[in-house]
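Notes to accompany the following structure.
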Amino acid sequence: MFRPRIGLEIHIRLLTSSKVFCPCPVRYGDEPNSLVCPVCLGYPGSLPVLNGEALRMACLLAHALNCSIAPDLRFDRKHYFYPDMPKNYQITQVSAPLGRDGSLELETGGGKTVSIRQLHLEEDAGKMIHRGNRTLLDYNRAGSPLVEIVTAPELETGEEAELLLRSLRRIVRYLGVCDGNMEEGSMRCDANVSMSPRGVEHSPGAEAPSGDPPGRKVEIKNLNSSRFVRLALDYETSRQREILRRGGRVAGETRLWNEAAGVTEAMRDKGESSDYRNVPETDLPPFPLDPEYLEGVKRQLVELPSPRKRRLVRDYGLSGDAADFLTEEKDVADFFERAAALGADPRTAASWLRSEVRRILNRENLSLGESPLTEKRLVELLGLVREGGIGGGIARKTLEEVFRTGRDPAEIVRERGWEPITRRDALLPVVEKILAAHPKAARELREGKDRALDFLTGMALKETAGRADPGLVKALISDVLKEGRG
Amino acid sequence: MEPFFVYENSGSEPRNGVTDAALQPCVCVADRPCDAGSPALEGYRPPEDAEVVSRLRRAGIPIRGAVGMSEFGFGLRGGSAGRAAAAGAAQAELMLDLTGESRAAAAALGLWGFKAGYGSVSRRGLIGLVPSMEAPGILARNPAVIRKVLQALSGPDGKDYSQPADEEPDFVPRGIVPDTTVIGVVAESLAGLSPDELAAFRSAVEELRRRGFPIRELSLPGYELFPLVHRIAASVEASSSAGRYDSVRYGTRASAGENWNEMFLQTRGEVFGPLIKSLLLQGAYFQFRRFESYRDACRIRSRLLGELRALEDRADFLLLPSPGQAPAAEPDDLDGLYRRFASTLFANVAGLPALYLPGKGGTGGCQLAAPRLQGPRLLELGEYLDNSPKGD
């Protein structure tokens with residue numbers, strides 16, 4: 001009877017080297033108040049100077065999310081008194097955002113596309129630390145660049161919201177504008193939830209239904225992982241649905257996700273409405289965005305995860321799952337495509353990347369880019385398997401050695417003496433030894449039980465530490481048995 | 001004699017003939033006291049030089065820190081603006097002009113007073129309240145000194161976005177030819193003048209006419225809205241800009257208070273004087289209770305700027321009434337302040353350079369204004385009028 005309308009407000013911490021309005025470095029974990037200057041401390045007479053890198057990243061993201069970009073760059077001041085905000089206003093772009101009317105395609109979930117209402121650049125606040133009855137302040141984070149993205153309330157479930165965050169996470173990582181880490185606060189998410197009666201459609205951008213709305217908009221904060229977003233929104237939609245089902249009314253309020261209890265809880269009412277009455281930031285008068293500049297930024301756009309995934313399936317014959325895995329991180333997809341261009345069989349390469357390579361990277365806590373495995377080495381390794389006849393076990397051991405020593409697979413195989421044994425005279429003694437050691441299996445094989453052949457072959461491989469050519473071993477076993485020597 | 005300066009620096013050999021410049025304590029000099037006349041900034045010493053200070057140093061002009069100023073340079077109450085220059089203790093004096101303070105101080109002391117056009121001089125390191133309206137003011141005994149100081153200060157520093165990035169100021173003298181230099185008089189600017197003020201203005205007009213300048217009467221129907229726009233927009237900007245004076249990182253902190261919220265309230269209650277308090281409260285009122293009025297004020301402002309630009313085709317300079325003699329006491333209430341600066345705030349709202357010319361032989365003096373980046377040209381006219389003998 002009621003349909004949830006969920007919108008997200010997502011803050012993206014940009015990966016610039018310096019702050020958005022001053023040259024202080026953006027770094028975390030330094031001595032408190034060591035990365036500060038008159039501008040980010042709001043000293044009298046200081047003036048903000050826009051960081052070109054932050055602007056570039058924000059424009060790039062706006063392009064990637066199909067936003068239309070404002071002709072003039074404008075900033076305004078959002079006022080609230082709080083000690084972590086050095087000027088007691090935040091420089092933002094709420095009233096005249098950089099980007100408007102964009103869209104974001106969810107990577108799964110039936111290809112749903114969600115409208116982006118606005119995207120804007122703003123500055124982060126410092127941190128307040130409460131110690132007993134004292135309040136300490138660290139302004140290292142104050143003035144770090146953020147992009148805020150506001151979606152239309154077009155999501156209906158916690159799962160869709162989680163998908164949106166995951167899709168956005170991939171995009172910002174592809175563009176290199178944010179590391180997308182929600183747990184560390186690089187991506188922060190607030191949500192708003194309301195219920196509309198089914199069958200009543202609202203034009204995009206409309207607020208709660210006119211007249212007597214059964215459900216007011218509820219804001220949910222403290223959602224610091226995409227999983228919490230899903231859990232909190234599922235909880236909140238069922239809470240609101242239940243209130244409405246019983247004929248009650250949903251109060252417009254701000255609620256916090258309580259992770260331990262798995263519920264949302266009403267926040268203590270602050271009394272004041274959230275009306276910040278932004279005024280223009282007159283320290284940063286509007287200036288026109290040069291269309292040529294914007295075109296230049298647009299040319300820096302890379303192929304985004306969704307279209308790339310579709311192309312990998314189409315061009316390389318990969319499964320959807322394999323393509324999904326490869327496109328999760330841009331450097332993995334890039335690696336894959338370079339390996340394929342160097343002659344690797346795409347499906348085999350994809351499968352190695354997804355299984356053995358991923359396992360070692362996870363164990364060593366490395367990214368592909370930092371690891372000694374180059375696409376050339378992977379192609380060489382796959383070539384040794386396909387043409388050189390090395391077995392899967394040796395190939396896996398070789399891969400481990402590549403990671404351990406940073407040397408080429410062929411060199412490792414040669415030095416360790418792991419080349420396959422393909423000469424009859426070298427394998428014959430091994431086969432004779434195995435048949436002698438397992439007379440029961442030999443007898444069974446003579447009686448026509450083929451399973452015994454596999455067992456004996458396996459034993460021969462084990463004896464040679466995987467180096468024996470399995471085909472040759474099988475042929476030799478048959479020969480020896482025929483000659484009646486086994 | 002009372003001391004004029006709290007600090008002095010010898011500087012190198014002045015290269016452009018200006019011997020020294022006094023700085024009102026809203027101009028940041030690294031490690032020198034700079035409280036902008038407010039208890040909110042008592043004992044504050046900036047970590048860096050203002051851009052104008054760097055430029056004075058580069059020009060070899062010694063700087064001297066003037067004693068005391070009105071709170072945040074809003075109005076002239078309790079200040080010392082222009083006194084060092086008037087006494088000859090410094091050749092020039094640098095301050096901030098929010099409502100017309102540099103021209104009014106000059107008028108009170110018989111000096112020349114100049115407010116730079118919006119964006120022509122970097123505001124970085126100048127402690128003010130109204131970014132869109134305030135500009136550096138320069139006072140001196142003659143316009144030639146002002147022109148040299150302005151030349152040392154002008155030009156984009158790349159870190160003040162109010163400055164046009166690609167326009168270098170043009171100080172090449174073009175010469176003043178009275179016959180072809182049209183002086184405009186805005187009829188509406190004379191409304192509300194006292195008979196004495198009107199007579200003084202008429203004599204200024206007559207003198208210009210005698211010297212051969214064509215005088216053109218112009219109409220700017222929205223002129224009476226300038227004070228209203230200033231009152232609303234400037235108070236909102238001031239209330240926003242003064243938010244940083246919360247005693248957390250610098251300045252005076254109230255000792256009482258159970259938590260940071262009380263600390264903010266107590267401190268801000270204690271550190272601002274009555275005039276600034278009224279200004280900030282008025283700004284907060286317009287921002288949070290009458291936001292539409294603020295939006296209207298901004299819209300009217302852009303309309304007025306458009307109307308003014310249209311007048312630029314009809315006159316090279318505008319002649320405006322003098323801010324008048326100093327009252328017995330400088331006002332400490334908003335109504336009184338806006339009456340005091342009725343004839344000067346026009347240039348602050350519009351961002352125009354404006355020059356106060358003292359009258360000669362006891363006459364009243366007047367103001368001239370020029371298009372936004374024509375400050376050097378305005379001072380060239382000032383010098384012409386200063387040098388050419390009266391009534392030749």
Side-chain angles (χ1 to χ4, degrees), chain A residues 21-23 33 36-52 73-91 95 126 128 130 133-139 142 270 272-273 275-288 290, chain B residues 26-28 34-36 38 40-41 44 46-48 50-51 72 118-119 122-128 130-133 157-163 165 233 236-237 239-246 248-251 258-261 263-265 268 283-284 286-289 291 294-295 298:
Chain A
F21 297 120
C22 65
N33 299 310
V36 292
C37 76
V39 175
C40 57
L41 287 178
Y43 273 35
S46 64
L47 293 177
V49 180
L50 181 63
N51 174 348
L73 193 63
R74 287 167 190 271
F75 290 95
D76 46 37
R77 297 175 173 182
K78 174 174 165 177
H79 297 83
Y80 55 93
F81 276 85
Y82 212 77
D84 65 2
M85 188 60 80
K87 303 178 292 296
N88 288 306
Y89 58 79
Q90 177 192 29
I91 305 179
S95 332
M128 261 172 114
H130 300 282
N133 62 349
R134 297 177 77 86
T135 300
L136 305 174
L137 283 151
D138 176 7
Y139 291 104
K270 281 182 170 174
E272 275 299 306
S273 66
D275 183 357
Y276 304 108
R277 290 300 189 196
N278 292 28
V279 303
E281 167 51 296
T282 41
D283 280 333
L284 278 169
F287 67 88
D290 182 6
Chain B
C26 57
V27 181
C28 290
C34 192
D35 64 6
S38 178
L41 283 175
Y44 177 68
E48 295 170 355
E51 175 65 14
F72 289 111
Y118 178 80
S122 170
R123 291 173 305 116
R124 193 159 52 88
L126 304 182
I127 304 178
V130 192
S132 80
M133 295 193 187
D157 84 344
K159 291 178 175 177
D160 176 353
Y161 282 31
S162 70
Q163 302 193 275
V236 170
E237 272 187 56
S239 153
S240 162
S241 301
R244 68 188 64 200
Y245 304 119
D246 58 17
V248 172
R249 297 160 312 283
Y250 48 78
E258 290 286 297
N259 53 44
W260 66 262
N261 204 13
M263 180 185 94
F264 271 34
L265 291 169
R268 290 173 63 83
F286 281 115
Q287 190 184 350
F288 294 103
R289 295 280 178 270
F291 194 66
Y294 168 70
R295 303 260 289 259
C298 293

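Each chain gets a letter, A, B and so on, in the order the sequences are listed, and its residues count up from 1. Please read these numbers as outputs of a predicted model, since none were measured by experiment.
Ranked by heavy-atom pairs shorter than 4.5 Å toward chain A, the options B:Gly119, B:Ser241, B:Cys26 are led by B:Ser241. Of the residues considered (B:Glu258, B:Arg268, B:Met133), B:Arg268 shows the highest number of contacts with chain A, using heavy-atom pairs under 4.5 Å. Highest contact tally toward chain B, considering only A:Pro86, A:Pro280, A:Ser46, is held by A:Pro86 [criterion: heavy-atom pairs under 4.5 Å]. Residue with the most contacts toward chain A among B:Ser132, B:Cys298, B:Gly251: B:Ser132 (heavy-atom pairs, distance under 4.5 Å). Here B:Pro47 is the residue among B:Cys28, B:Ala242, B:Pro47, B:Ala36 with the most heavy-atom pairs under 4.5 Å with chain A. Among the candidates B:Glu48, B:Arg249, B:Arg124, the residue making the largest number of heavy-atom pairs closer than 4.5 Å to chain A is B:Arg249.
A:Pro83 touches chain B through backbone and side chain together, each having a heavy atom under 4.5 Å away. Contact of B:Phe72 with chain A is not made at all, since no heavy-atom distance falls under 4.5 Å.
Pairing each heavy atom of A:Val49 with each of B:Gly158, the nearest pair is CG1-O, 4.3 Å. Across all their heavy atoms, B:Glu237 and A:Arg77 have their closest contact at O-NH1, 4.1 Å. Shortest non-hydrogen contact noted between A:Phe81 and B:Gly243 is CE2-O, 3.8 Å. Nearest heavy-atom pair across A:Pro44 and B:Leu41 is CG-CD2, 3.8 Å.
Counting heavy atoms from C-beta on, the side chains of A:Tyr89 and B:Arg244 come closer than 4.5 Å. For the pair B:Phe291/A:Val279, a side-chain contact is recorded, criterion being any heavy-atom separation below 4.5 Å from C-beta on. Proximity of B:Tyr294 to A:Arg277: side-chain heavy atoms (C-beta onward) are nowhere separated by under 4.5 Å. For the pair B:Val248/A:Tyr139, a side-chain contact is recorded, criterion being any heavy-atom separation below 4.5 Å from C-beta on.
With B:Tyr161 as the fixed residue, the side-chain contact (heavy atoms from CB on, under 4.5 Å) test singles out one of A:Leu50, A:Leu47, A:Leu73: A:Leu50.
A:Lys87 contributes atom NZ, which lies 10.0 Å from atom OG of B:Ser240 (distance to the nearest 0.5 angstrom). In this structure, the separation between CE on A:Met85 and CG on B:Asp246 is 12.0 Å, given to the nearest 0.5 Å. Atom OH of residue B:Tyr118 and atom OG1 of residue A:Thr282 lie 7.0 Å apart, to the nearest 0.5 angstrom.
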